[in-house]
Amino acid sequence: MSQFWKPGTERPQHCLLDDEEGGVLFFSAPANSSSHGFSNLERQRQRLPVFKYRTAILYLVENHATTIIVGETGSGKTTQIPQYLKEAGWADGGRVIACTQPRRLAVQSVASRVAEEMGAKVGEEVGYTIRFEDKTVQGVTKIKFLTDGVLLREMMDDPLLTKYSVIIVDEAHERSISTDMLLGLLKKIQRRRPELRLVISSATIEAESMSIFFQTRKKNDVGAAEANGPKNLPSILSVEGKAYPVEIHYVQDPVSDYLQSAVDTVLLIHEKEPLGDVLVFLTGQDDIDAAVQLLVEEARVKTTKFSGLLVLPLYSGLPRSDQDLIFAQTPKGKRKVVISTNIAETSITLEGVVYVVDSGFSKQRYYNPISDIENLVVAPISKASAKQRAGRAGRVQPGKCFRLYTEDYFVKEMPAEGIPEMQRSNLVSSVIQLKALGIDNILGFDWLASPPSESMIRALEVLYSLGILDEDAKLTSPCGFQVAEIPLDPMISKMILAADILGCLEEMLTIAAVLSVQSIWTSVRGKNKGLDEVKLLFAAAEGDHVTHLNVYKGFLQSGKSSQWCYKNYINYHALKKVVDTREQLGRLVRRLGLVPKSCEGDTQTIRKAIIAGFFSHASQLEEYGQNGMYRTVRSSQEVYIHPSSVLFRVNPKWVVYHSLVSTDKHYMHNVIAIDPSWLIEAAPDFYQLRTLNPALF
DNA sequence: ATCTCAACG
């Protein structure tokens, strides 16, 4: 409570302009547009009191630029671009303007906003496509919003994306895997389709590097380029949004416990600052639940003054009904405090936030290609994230952001940008997608930021061992091509193809769908005796996958009843998603010519099909080791069965797991008991050189 | 005897 805040300010680098107000746009024309006398990089950085936003965009698109980078700071101004382009005739003659977003929710909300502004209905002239939902009409829809994942999928049928005249990539600075892949591919398409216009919208600080990435230079032109300055450097148009100023405060001395410090800060705000909601950024569910409890207790102890606090947690795992509370209007005279993960940084926008408390940390995924394990670790955020978090305080009025780290740390130590997702993830899915698009030289692909070569090599190895790629790293036929068509992790797709051959595809579609949702059980957290008892009703001795089948069957028999789910501690929303996913997969495999059949409860066949995809995830119980300790066959890694598994404490001698979760130990999630001879049967090459001790069979 | 940021097809 004895913190002392030192105010500081953060001023945007460029000033904003709203074109209704007229005025200046920070604007750089392409290097070869002699009409404005720009011929080198330095001179591009002039301020020109020339164009309004609309005019600038149209000028660039019509006259010079194949690629335009729009640098902005969450102003939402990108959404106007498709309208401008449509008015200017870029959607005529059967052409479509595409605009991608990294999230489904963003696609939907932007589409409805734009449709409304144009006085149209969603699904007509303005439409959108996300997974499970296509609101477009061919020949009618002129402006199409879609997730970048959908656009990547569309490339598999139409590699040059010929129906689009303009492709707008929004939020490119978020650097999601799909966005990074898309940008690399669009650069390639551009070479074959010079008439295609690209508009990349990015945070201003990343605009420059985006521009350099899209710089085109003819192969034999290197010398000339150096003599004449850069060729065809994309234009940058910088638009600053109309946000309210946010006053930044830092702690004077580093804090040792950001959780306690966050709680203290909220109390301080509540005591000293005028009413207005507070948004606190912490790292995960544990932190958040603890902080909520601390705050609620404090508020109870200090009765009168603190009774006005309304403390709410926010994270993706939260049940729907609880998430809705977040959006409810704060009652008069009360102060809402939302304690959130970084879901509130980009995905969920809360209106009415005036104060932000930023712990300076978030959970981030790190992939180790050597062990093939993805870890989730608490790590310091980047300056870009810190700026984004602070911005959340200035949406409705001037706000304040309290950073639980020192100004010195922010200036000197905090990294400018985060590590792109591409560089800290398992790449099997990305690699097969590129292969399917005919990119043979994966290692030489022109990435915005290259992933570690170890990750790419590991991905190639895994795909080879699954029989998806051959010795020349080409897609095998039919297996490789079929796997590429299925929008799932290749190991799951392989399992589905094997199930078709073994005659248990019906069951496997269900299993694949269940594995694609987080958890089908409710509130796994805390001791939940009811759940444990209910689990026994569904539990199968063969393991979790077979248990999932039992749950799904029960759900169908109940008539997809939410009541039934509630009684059985099953997550109704998750199961609805399972039904959707299963239907989509069913349509997809039929299109591939497969005919789903059931094995009528032959669980051995089901397990063999699972092993066809997951043979590399085998582990063996360490007989004389610590209780319940296993070692993976591939790397002798020490692992344990996760307590949520039905095989927890059952400890079969040999198991195959779906995934590893690494916290204090490596835990195997979703486990089945197997016979080790099935491993050799499924993957003789993979196990040839590895010693499965015959004495243990 | 213990539990995962969020997001995409």
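Hydrogens, waters and symmetry mates are skipped; everything else that's a heavy atom, side chains included, is used. In what follows, every chain begins at residue 1, and chains take the letters A, B, ... in the order their sequences are listed.
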> Counting just side-chain N and O atoms, does Gln285(A) come under 4.0 Å of either OP1 or OP2 of dC5(B)?
Replying inline: yes
> Nearest-Å distance, CG (Asp286(A)) to C1' (dC5(B))?
Replying inline: 13 Å
> Can you check the Leu105(A) CG to dC8(B) C1' distance for me, whole Å?
Replying inline: 13 Å
>> Can you see if the side chain of Arg131(A) gets near the phosphate of dA7(B) - specifically, an N or O under 4.0 Å from OP1 or OP2?
In response: no
> Within the structure, does a side-chain N or O atom of Ser644(A) lie under 4.0 Å from either OP1 or OP2 of dT2(B)?
Replying inline: no
> Nearest to the side chain of His642(A), which nucleotide is it out of dA1(B), dT4(B), dA6(B)?
Replying inline: dT4(B)
> Rounding to a whole Å, what distance do you find between Ile492(A):CD1 and dC8(B):P?
Replying inline: 17 Å
>> Using a heavy-atom cut-off of 4.0 Å across all strands, would you classify Glu421(A) as base, sugar-phosphate, or nothing?
In response: base
> Salt bridge check: are Glu506(A) and Arg582(A) linked by an N-O gap of less than 4.0 Å?
Replying inline: yes
>> I'd like to check the side-chain contact (heavy atoms from CB on, under 4.5 Å) partners of His617(A); sequence neighbours left out, ordered by chain and number.
In response: Met491(A), Phe614(A), Tyr657(A)
> What is the nucleic acid contact for Arg103(A), judged by heavy atoms within less than 4.0 Å: base, sugar-phosphate only, or nothing?
Replying inline: sugar-phosphate
> Can you tell which of dT2(B), dA7(B), dC8(B) lies closest to the side chain of Ser347(A)?
Replying inline: dA7(B)
> Listed by chain and number, what are the side-chain contact (heavy atoms from CB on, under 4.5 Å) partners of Ala541(A), not counting sequence neighbours?
Replying inline: none
>> Quick check for you: among dT2(B), dA1(B), dC5(B), whose closest atom lies nearest to any side-chain atom of Asn342(A)?
In response: dC5(B)
> To the nearest angstrom, how far is Glu154(A) atom CD from dC8(B) atom C1'?
Replying inline: 14 Å
>> Using whole Å, what does the distance between atom C1' of nucleotide dC8(B) and atom CD1 of Ile486(A) come to?
In response: 17 Å
>> Whole angstroms only, please: what is the CD-P distance between Gln518(A) and dC3(B)?
In response: 16 Å
> With nearest nucleotides of DNA chain B determined for Thr147(A) and Gly284(A) from heavy-atom distances, which residue corresponds to the more 5′ nucleotide?
Replying inline: Gly284(A)
> Tell me, which of residues 356-365 of chain A have any heavy atom that sits under 4.0 Å from an atom in DNA chain B?
Replying inline: Lys363(A), Arg365(A)
Tell me which donor-acceptor pairs under 3.5 Å the side chains of residues 426-437 of chain A have, and how far apart each pair is, sequence neighbours excluded?
{"unit_1": "Asn426(A)", "atom_1": "OD1", "unit_2": "Val428(A)", "atom_2": "N", "d": "2.9"}
{"unit_1": "Lys435(A)", "atom_1": "NZ", "unit_2": "Asp440(A)", "atom_2": "O", "d": "2.9"}
{"unit_1": "Lys435(A)", "atom_1": "NZ", "unit_2": "Ala473(A)", "atom_2": "O", "d": "2.7"}

>> Taking any heavy-atom pair under 4.0 Å as a contact, classify Phe132(A): base, sugar-phosphate, or nothing.
In response: nothing
> Which is true for Leu376(A) with a 4.0 Å heavy-atom rule: it touches a base, it touches only sugar-phosphate, or it touches nothing?
Replying inline: base
> Between Pro643(A) and Gln584(A), which is nearer to the 5' end of DNA chain B once each is assigned its nearest nucleotide?
Replying inline: Pro643(A)
>> What contact category does Val661(A) fall into here, base, sugar-phosphate, or nothing, at under 4.0 angstrom with non-hydrogen atoms?
In response: base
> Between Leu185(A) (CG) and dG9(B) (P), how many Å, whole number?
Replying inline: 17 Å
>> Whole angstroms only, please: what is the CG-P distance between Leu488(A) and dA7(B)?
In response: 19 Å
>> Among residues at least two apart in sequence or on other chains, which ones pass side-chain contact (heavy atoms from CB on, under 4.5 Å) with Gln138(A)?
In response: none
>> Going by side-chain contact (heavy atoms from CB on, under 4.5 Å), name the residues that satisfy it together with Lys494(A), two or more places apart in sequence or in a different chain.
In response: Leu466(A), Cys479(A)
> Does the side chain of Thr341(A) get closer than 4.0 angstrom to OP1 or OP2 of dA6(B) through an N or O atom?
Replying inline: yes
>> Is the shortest side-chain heavy-atom distance between Tyr630(A) and Thr632(A) below 4.5 Å?
In response: no
> Base, sugar-phosphate, or nothing: which does Ser178(A) touch, judged by heavy atoms less than 4.0 Å apart?
Replying inline: nothing
>> When you compare the side chain of Arg175(A) with that of Glu417(A), does any pair of heavy atoms fall below 4.5 Å?
In response: no
>> Within the 4.0 Å heavy-atom criterion, would you say Ile130(A) contacts the bases, only the backbone, or no part of the nucleic acid?
In response: sugar-phosphate
> Is the closest side-chain heavy-atom distance between Arg103(A) and Glu174(A) below 4.5 Å?
Replying inline: yes
